[in-house]
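Read the structure below first, then the notes.
Not measured: the values here are computed from a predicted model.
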Number of protein chains: 2
Amino acid sequence: MDIRQLEYFLAVVEHQGVNRAAQHLHVAQASLSQGIRQLERELKLSLFHRTGRNLVLNPAGQLLVEPARKVLGDLVAAQDIMRGARELQVGSVTIGTMPEMSSEAVAAWSASFTSLYSEIRIELLEFPGARELCDEVLAGHCELGFTTFPVPTENLERVELGDQRLLLVMPPGTATPDAPFELRRLEGVPLVVSNSAPRENDIVASMLRRESVIHWSGRRCRTGTRR
Amino acid sequence: MDIRQLEYFLAVVEHQGVNRAAQHLHVAQASLSQGIRQLERELKLSLFHRTGRNLVLNPAGQLLVEPARKVLGDLVAAQDIMRGARELQVGSVTIGTMPEMSSEAVAAWSASFTSLYSEIRIELLEFPGARELCDEVLAGHCELGFTTFPVPTENLERVELGDQRLLLVMPPGTATPDAPFELRRLEGVPLVVSNSAPRENDIVASMLRRESVIHWSGRRCRTGTRR
DNA sequence: GTCCCTTACGCTCCGCGTAACCATC
DNA sequence: GATGGTTACGCGGAGCGTAAGGGAC
C-alpha cells in the first residue's frame, strides 16, 4: 500500500469514476485503472463493485476511505511542517554556553534572532567549559555555541562577535594608575558580585579565579534576570 | 515525500546510524544513504548533522520524527483494517429487502451469518419492489437482496433459498376442502393480521392484495420483533 | 588499519502513456 | 455513436546492489 495508490483510490471515490479522477489527477485513465487494480491485487481484496458503468465502493472499500484520508492528511501535515522549517517559520536552534561566557552576548543574540524569527524556539545547553562545548557542537548536539577565544579546536567555524569591556568601579579616592590595572591588586578587596550564578556562571568570578585572586565577598546583590 | 523515505528516515533515527538501520531494514547501506539524501533534496532541507562519525538529528529532522511516526502508524492501521476485511473479521454487508418478502428468511440468514462472522455488520435497505431492489444490486449499492421469484432481470446471480409454506388457521367447523384452498374464499372474512408493518411489509397482506381479495381486519395483533 | 557515510555506475522493475478492446447506454 | 473501464505493450526513470572514495579515529 502506497501513498500514490491511496491518492488514486480516494480520487476515484471522490470523483465517482476512473475517468473523472484521471482528469483531476492529470494522469491517463488507463494508468489510474491499473493503479487501482494493483492496489486490489496487493490487498487481495476487491474495493469496488464493477457494475458495467461506474465504480461503486463495496464494503471493503468503504472501510478503507477514512484510514486513507487519515494517512494522506498526516502526510500533508508533515509536509507543511517541513515547509515551515524550510522557510524558517518553525523549528528550534540549540545553542551551547559555558560558565565563563558572559550571558549578555547570548541574550543580545537571542533577542535579535527572535525578533527576526519569532517562531523559532531557542534551546540552551550549558557545558562546563569551552572544550566540552566544542565537542558537543562537533557531535551535532548543538547548532552553535558561545564561547571565548581561543577556541580549542580547528574544525569549527568561528565568528568573532566583538570585545567585551568590563568596568571596575571603585570607591572615591582610590588611587587610579594610568597603566593597565592589575587584577592582582584586587587581592583581599571586598567586591560586590552576583549571587545569581549558582554554578559560578560569572565572568568576573572566573577571571579572578584564573588569576588566583582571593577577594572577600563583601556584599552580594541580585543581578541578571529574576525568576 | 514517500512511505519508503519516511521508513528509512525513522530507521536511521531509531538505530542512530545508516549502517545499523540498513542491517535492520535488510537493504544495502548505500541504498539507505541515497534514500535519506534524496529525501533531504526533495525537502530542500538538511535533516541530520553530518559530523564525521554518526548522523545526528538536527532541529528540522527532530520536527519530522513525530509526523513521520504518525503517517506510518496510520498506514499500518489501514493495513490492519484491510487484513481484517480480507479475513472477514470486520466489515459490512448491505442487503436489500422488499415489502412482499417475508422477514423470516432474512432473519434466519442474518442469524446464521452473524454466528459465523460476528464482527460483520449487516446493513438493511428496503425498496418498494423487486424491480428497484434488483436495480440497486446491479448498481452496486447492495451486495445482495432477498426477493421472490421471478427475479425481474437476467444479469443477476440467483440462489433459491427454499419454499415458504403458509398456514391458514380457521375456526373449528369450517369446511375444509381437499382441493387447494382458493384465496378468493377469504373474501370478506375477518382475519387476524399483523399491525407491525406500517409499510405493508407483510407477505399475507400483499398476497391477498395481489389476488384482489378484500378482507375485513377483524383483529390486529402484534407480531414480529417488538421494539 | 577500522568504522561509517557518500558517490559512481549498471541493472531491474515499476508505473506511465498510447492504443486497442470490451461493455453499457 | 458516446461513454467509461480494462488489457496489452513499449519506454523511461526510480531505486537497488556492488564497488570505489573519503573523512574521522
Side-chain angles (χ1 to χ4, degrees), chain A residues 1-9 11-43 46-58 61 131 134-141 152-157, chain B residues 1-9 11-43 46-58 61 134-141 153-157:
Chain A
M1 198 157 19
D2 200 351
I3 293 294
R4 188 186 46 82
Q5 289 174 320
L6 293 181
E7 283 173 346
Y8 282 9
F9 170 72
V12 170
V13 171
E14 279 157 15
H15 297 93
Q16 298 179 8
V18 175
N19 218 335
R20 278 180 293 277
Q23 289 171 14
H24 201 259
L25 290 173
H26 303 293
V27 293
Q29 183 205 38
S31 304
L32 225 177
S33 182
Q34 276 184 131
I36 297 290
R37 297 296 263 198
Q38 176 62 21
L39 176 60
E40 291 181 322
R41 216 170 303 138
E42 282 179 24
L43 294 175
S46 157
L47 298 172
F48 295 92
H49 289 296
R50 263 83 175 177
T51 65
R53 213 92 174 127
N54 279 324
L55 269 67
V56 181
L57 276 177
N58 70 11
R131 159 61 53 198
C134 291
D135 284 348
E136 290 298 305
V137 173
L138 280 171
H141 297 136
T153 178
E154 296 299 317
N155 299 327
L156 289 173
E157 209 167 317
Chain B
M1 198 157 17
D2 199 351
I3 292 294
R4 188 186 46 81
Q5 290 173 319
L6 293 182
E7 283 173 344
Y8 282 9
F9 170 72
V12 170
V13 171
E14 280 157 17
H15 297 94
Q16 298 179 7
V18 174
N19 218 335
R20 279 180 293 275
Q23 289 171 13
H24 201 260
L25 290 173
H26 303 294
V27 293
Q29 183 206 39
S31 304
L32 225 177
S33 183
Q34 276 186 130
I36 298 289
R37 298 296 263 197
Q38 177 61 21
L39 175 61
E40 292 180 323
R41 215 171 303 139
E42 283 179 25
L43 294 175
S46 157
L47 298 173
F48 294 92
H49 290 297
R50 263 83 174 178
T51 66
R53 215 100 174 120
N54 280 324
L55 269 69
V56 181
L57 276 178
N58 70 11
C134 290
D135 285 348
E136 290 298 304
V137 174
L138 279 171
H141 298 135
T153 177
E154 296 299 317
N155 299 328
L156 289 173
E157 206 167 319

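For B:Asn58, the side chain to side chain donor-acceptor pair (under 3.5 Å) partners at least two apart in sequence or on another chain are B:Ser46.
With contacts defined as side-chain heavy-atom distances shorter than 4.5 Å, the pair A:Val13/A:Leu55 does not qualify. Side chains of A:Phe48 and A:Ile36 form a contact here, defined as non-hydrogen atoms less than 4.5 Å apart.
Contact annotation: A:Gln29 reaches the phosphate of D:dG5 (side-chain N/O to OP1 or OP2, under 4.0 Å). The side chain of A:Ser33 contributes an N or O atom lying less than 4.0 Å from OP1 or OP2 of D:dT6. Contact check, B:Arg50 against C:dC5: no side-chain N or O comes under 4.0 Å of OP1 or OP2. Within the 4.0 Å cut-off from OP1 or OP2 of C:dG17, at least one side-chain nitrogen or oxygen of A:Ser31 is found.
Summarising the geometry of B:Val18 relative to B:Leu32, their closest heavy-atom pair is O-CD1, 3.7 Å, with the distance given to 0.1 Å. A pairwise comparison of heavy atoms in B:Met1 and B:Leu43 identifies CE-CD2, 4.2 Å as the closest pair. Contact detail for A:His15 and A:His24: the closest heavy-atom pair is NE2-CG, 3.3 Å.
Within the cation-pi definition used here (under 6.0 Å to the ring centroid, within 45° of the axis), B:Arg4 qualifies as a partner of B:Tyr8.
Atom P of nucleotide C:dC16 and atom CG of A:Leu25 are separated by 10 Å, given to the nearest angstrom. As a whole-Å value, the separation of A:Ile3 CD1 from C:dG15 P is 14 Å. The interatomic distance linking B:Phe48 (CZ) with C:dC5 (C1') rounds to 12 Å, in whole Å.
Annotation: proximity of residues 12-19 of chain A to DNA chain D (heavy atom, distance under 4.0 Å) is found for A:Gly17, A:Val18, A:Asn19, numbered in ascending order. For the segment residues 35-43 of chain B, the set of residues with a heavy atom within less than 4.0 Å of an atom of DNA chain D is empty.
Counting any heavy atom pair closer than 4.0 Å across all strands shown, B:Tyr8 reaches sugar-phosphate atoms only and no base atom.
Distance alone, capped at 3.5 Å, is enough to place a donor-acceptor pair between the B:Gln5 side chain and the B:Asp2 backbone.
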